[in-house]
Number of protein chains: 2
Amino acid sequence: MDVVTGLDACSTMEPDEARVAATRERLVTAGEATRLADLFRLLGDPTRAQLLYALLEAGELCVCDLTETVEVSDTAVSHALRLLRTAGIVASRRAGRMIYYRLADAHVRMLLDLSREHLRHEIVKG
Amino acid sequence: MDVVTGLDACSTMEPDEARVAATRERLVTAGEATRLADLFRLLGDPTRAQLLYALLEAGELCVCDLTETVEVSDTAVSHALRLLRTAGIVASRRAGRMIYYRLADAHVRMLLDLSREHLRHEIVKG
DNA sequence: CAAACTCCTGAACAGGTGTTCAAACGATAA
DNA sequence: TTATCGTTTGAACACCTGTTCAGGAGTTTG
């Protein structure tokens, strides 16, 4: 649409048009941005975040352990885990009648670690 | 609440209780998890993600440039930028009658970069 | 001054999201 | 087999969220 034909608004400025055009090439596409937003949105819930950080520390936990760690019902935990599992963020393993969950991706591990660092530095800055 | 008194559910298993307790100490608190989720939720919207990645590449852009880059109304962009500005993720600078936005935090820059890498590796893996 | 331009704000509406509830699945134990 | 445990599922509900719309700041130009 406008990504190709555009450049009609802001017609009073020429110096920045080149920069906008150059940015578009290196830019993530709308589709990529949507998928990135999907990833972030999955981490953007208190329950899911707590689950993920619990798994980051413990390595592997069953649902009942996770339900104890986070303060929500087992049903809510299960729903949360389903979203994370479908997205490939966590993986599960059955042992008897319990199911153990773990983080499935090294990048996500780094992401969680980096974000926690960001938060704690922010607090220092006040 | 249960974080202190708990340990009553899952009473049939003793071996994992120690691990759960140990995890709780190193774990992010519920408050930290909420703040981390707040951060992720802010990145978890296609419009805001596109804006942030545009700023990641361009360094600094005014609202009209951002409106051109992303395919939404200037009003939606303004609303999105307000959330990001309030959270300290972007910073603004006035020059004449336009306002230039930029990423305000190095950690967020790394976060965006790492996430983009994650996505592109995921695609490779299929 | 008024007009044009860039950007912001508030209210309102449609759509998505997380929780709870009731029920059911698969696996072990009696 | 039946009972119980651990976990999952689907529907229903209240809640939050992002967009649009109409209007208004603040700034430069005529």
Side-chain angles (χ1 to χ4, degrees), chain A residues 8-17 20 30 33-34 37-52 60-87 90-101, chain B residues 8-17 20 30 33-34 37-52 60-87 90-101:
Chain A
D8 30 26
C10 252
S11 54
T12 51
M13 350 180 24
E14 329 85 34
D16 284 52
E17 295 294 3
V20 172
T34 299
D38 287 344
L39 170 63
F40 286 128
R41 183 152 24 79
L42 246 68
L43 310 183
D45 171 73
T47 298
R48 292 195 294 270
Q50 276 187 279
L51 293 175
L52 291 172
E60 201 180 44
L61 288 171
C62 70
V63 178
C64 70
D65 287 340
L66 287 168
T67 302
E68 250 183 276
T69 305
V70 181
E71 293 188 44
V72 297
S73 67
D74 56 345
T75 303
V77 169
S78 193
H79 277 297
L81 288 172
R82 194 173 82 82
L83 292 176
L84 296 172
R85 186 176 1 111
T86 302
V90 302
S92 61
R93 167 181 75 84
R94 170 153 235 149
R97 52 188 162 192
M98 29 193 141
I99 299 178
Y100 287 91
Y101 280 85
Chain B
D8 30 27
C10 251
S11 54
T12 52
M13 349 181 25
E14 330 85 31
D16 285 52
E17 295 295 3
V20 172
T34 299
D38 287 345
L39 170 64
F40 287 128
R41 183 152 23 80
L42 248 66
L43 311 182
D45 171 73
T47 298
R48 293 195 292 269
Q50 277 187 278
L51 293 175
L52 291 173
E60 201 181 46
L61 289 171
C62 68
V63 178
C64 69
D65 287 340
L66 287 168
T67 302
E68 252 181 272
T69 306
V70 181
E71 292 187 46
V72 297
S73 66
D74 57 342
T75 303
V77 170
S78 195
H79 277 297
L81 288 172
R82 194 172 82 82
L83 291 176
L84 296 172
R85 187 176 0 109
T86 302
V90 301
S92 60
R93 168 180 74 86
R94 170 152 235 149
R97 52 186 162 196
M98 29 194 140
I99 299 178
Y100 287 91
Y101 280 85

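Residue numbers start from 1 in every chain, and the chains themselves are labelled A, B, ... in the order their sequence lines are given, proteins ahead of strands.
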Does any non-hydrogen side-chain atom of B/Leu39 lie less than 4.5 Å from one of A/Leu43?
-> no

B/S/- contact track for nucleotides 18-30 of chain D, protein heavy atom under 4.0 Å | SSBBB----BB--

Grab the CZ-P distance between A/Phe40 and C/dT17 for me, whole Å please.
-> 17 Å

Taking side-chain hydrogen bond (donor to acceptor under 3.5 Å, both in side chains) as the test, write out the residues that go with B/Arg93, two or more places apart.
-> B/Glu60

In whole angstroms, how far is the P atom of C/dT19 from the CG atom of A/Asp74?
-> 13 Å

Between C/dC7 atom P and B/Arg93 atom CZ, what is the distance in whole Å?
-> 12 Å

Minimum side-chain heavy-atom gap B/Ile99-B/Tyr101 below 4.5 Å | yes

Residue-phosphate contact under 4.0 Å: A/Tyr101 side-chain N/O, D/dT8 OP1/OP2 = yes

Spacing of A/Gln50 atom CD relative to C/dG18 atom P, expressed in whole Å = 14 Å

Roughly how many Å is it from CD in A/Glu71 to C1' in C/dT19, rounded to a whole number?
-> 15 Å

Side-chain contact test, heavy atoms from C-beta onward, threshold under 4.5 Å: evaluate it for A/Val70 versus A/Leu66 and give yes or no.
-> no

Check whether any side-chain heavy atom of B/Arg48 lies under 4.5 Å from a side-chain heavy atom of B/Leu84, and answer yes or no.
-> yes

To the nearest Å, how far apart are A/Leu81 CG and D/dT7 C1'?
-> 10 Å

Test item: A/Val90 and A/Leu52 side chains (from C-beta on) under 4.5 Å apart, heavy atoms | yes

To the nearest Å, how far apart are B/Leu61 CG and C/dC7 C1'?
-> 15 Å

